[in-house]
Novice: 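A single structure is presented below for examination.
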Amino acid sequence: MSSDKQTLTPLQTFRPPSAVHGTDADRALGRALVAAWQADGIFQISATVAQQAATERALAASRAFCARPLQEKAAHVSDLTYSGYVASGEEETAGERDGSEIFTVCPDIPADDPRVVEHWPCHGPAPWPSPDYARAMKDYMAVVGELGHRLLQLTALGLGLDDSDTFTRLTADGWHHMRVLRFPPADATSERGIGAHTDYGLLVIAAQDDVGGLYIRPPVPGEERGRNWLPDESMAGRYEHEGPWTYVTPVPGVLTVFPGDIMQFMTAGALLSTPHKVRLAARERYTLAYFHEPSFNAVARPLAAPGSGDYIHYGTHFTSMFRRCYPLRVTTARMDREGGLKVLTRLREEALHTS
């Protein structure tokens, strides 16, 4: 058992409405969600029957895939997109190898799509292991994606914004993606699953099995939080061995939700990106981490100062984060060989001109 596990008050759990209309009840719930993030860094959503069924199918598909031989799993990699298999130890956080085994699911874009033909970076077909696996993951992403849309509307209302679609306008045709993770059992030398980090996007919705191992860092008054979207302020490894860390107790039938770096950027720190880490347990553990994101060519700006000149072009941000994680991956090599970064520069300039 990890030494930094704590017994803490259960996380706040909410049940959002099936649609958001901007009513007084919606605004009150939005304020409660924002307050939970500001106090705890995370909250839970009671899963519907459909969400729970989709979660169980996706976890079952992940277990079946991870049981296959390594050579077979490693064949499911693309040089067009960062979708595909990541072996345990292939990914690092703050210079240390992570124990997680991952299948990354990015938007599945046909090879004859004009964006793929024009060498847009990170665009291409997903290298699915099987049609059943693809169906399970797409079904799960559809149900949590619809939840993400409503949660962003409630967040806007909770922040006191008049327009409930302030965030969802960015996420129309969003670059929603997912990391399907397996963590091996701890061994005698290491409990490290994933080192402390924040996630680079807008909103994170996660599901875990009954094993447990996730820790999150709540907001700490006066604590400096790096702006992870800047190249010299990475949060990777920061505060990893300094309390407080909250152990996220596995609860059946819930989804956990927390903000990412773009939310911190847009709200000027009113909502902080939540640092988190994973410690290995006595048994293997499976999780689903879904990222509800802006569209690839969207431009995010600070809500309080949209004309300040500060911005995050999402496609540039996403590409930079994945190149940082996977400098030796075949996708990165092909992007360099085909001039994908030049295409990205053009896209960013066009987006800034029209937004």
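All values reported here derive from a predicted model rather than from experimental measurement.
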Novice: Checking side chain to side chain contact (heavy atoms under 4.5 Å, CB included) for the pair V204/Y290: CA distance, chi angles, key distance, verdict?
Specialist: CA-CA 6 Å; V204 185; Y290 167 84; over 6 Å; no
Novice: Quick one: are R329 and E90 in side-chain contact, heavy atoms under 4.5 Å?
Specialist: yes
Novice: Using a 4.5 Å cut-off on heavy atoms from C-beta on, say whether the side chain of P275 contacts that of M235.
Specialist: yes
Novice: Parallel, tilted or perpendicular: which describes the rings of H176 and H292, with under 30° parallel and over 60° perpendicular?
Specialist: parallel
Novice: Is any side-chain heavy atom of R225 closer than 4.5 Å to a side-chain heavy atom of R217?
Specialist: yes
Novice: Taking the six-membered ring of F291 (Phe, Tyr or Trp), confirm whether the NZ or CZ of R179 is under 6.0 Å from its centre and within 45° of its axis.
Specialist: no
Novice: Quick one: are the ring centres of F43 and W37 less than 6.0 Å apart?
Specialist: yes
Novice: Heavy-atom distance under 4.5 Å between the side chains of L341 and T319, does that happen here?
Specialist: yes
Novice: Kindly say whether the aromatic ring centers of F318 and H177 come within a distance under 6.0 Å.
Specialist: yes
Novice: Could you tell me how the ring of H123 sits relative to the ring of W120: parallel (under 30°), tilted (30 to 60°) or perpendicular (over 60°)?
Specialist: perpendicular
Novice: Is the gap between the ring centers of H313 and W229 under 6.0 Å?
Specialist: no
Novice: Are side-chain heavy atoms of Y200 and H317 found at a separation under 4.5 Å?
Specialist: yes
Novice: Can I get a per-line list of side-chain donor-acceptor pairs under 3.5 Å for residues 125-132, giving both atom names and the distance, sequence neighbours left out?
Specialist:
from : atom 1 : to   : atom 2 : distance (Å)
W128 : NE1    : D108 : OD2    : 2.8
S130 : OG     : Y133 : N      : 3.0
D132 : OD1    : R135 : NH2    : 2.3

Novice: Assess whether side chain to side chain contact (heavy atoms under 4.5 Å, CB included) is satisfied between L33 and L151, documenting all intermediate values.
Specialist: CA-CA 9 Å; L33 300 182; L151 290 176; 4.1 Å; yes
Novice: Once rounded to the nearest 0.5 Å, what's the spacing between atom CG of L344 and atom SG of C122?
Specialist: 7.5 Å
Novice: Just one of L203, I42, T274 clears the side-chain contact (heavy atoms from CB on, under 4.5 Å) bar with V257, so which one?
Specialist: L203
Novice: Within the structure provided, determine whether P16 and I45 are in side-chain contact (heavy-atom separation under 4.5 Å).
Specialist: yes
Novice: Is the ring centre of F103 less than 6.0 Å from the ring centre of H76?
Specialist: no
Novice: Taking C-beta and beyond as the side chain, do V180 and I102 meet within less than 4.5 Å on heavy atoms?
Specialist: no
Novice: Can a cation-pi geometry be assigned to R63 and Y286, taking NZ or CZ under 6.0 Å from the six-membered ring centre and within 45° of the ring axis?
Specialist: yes
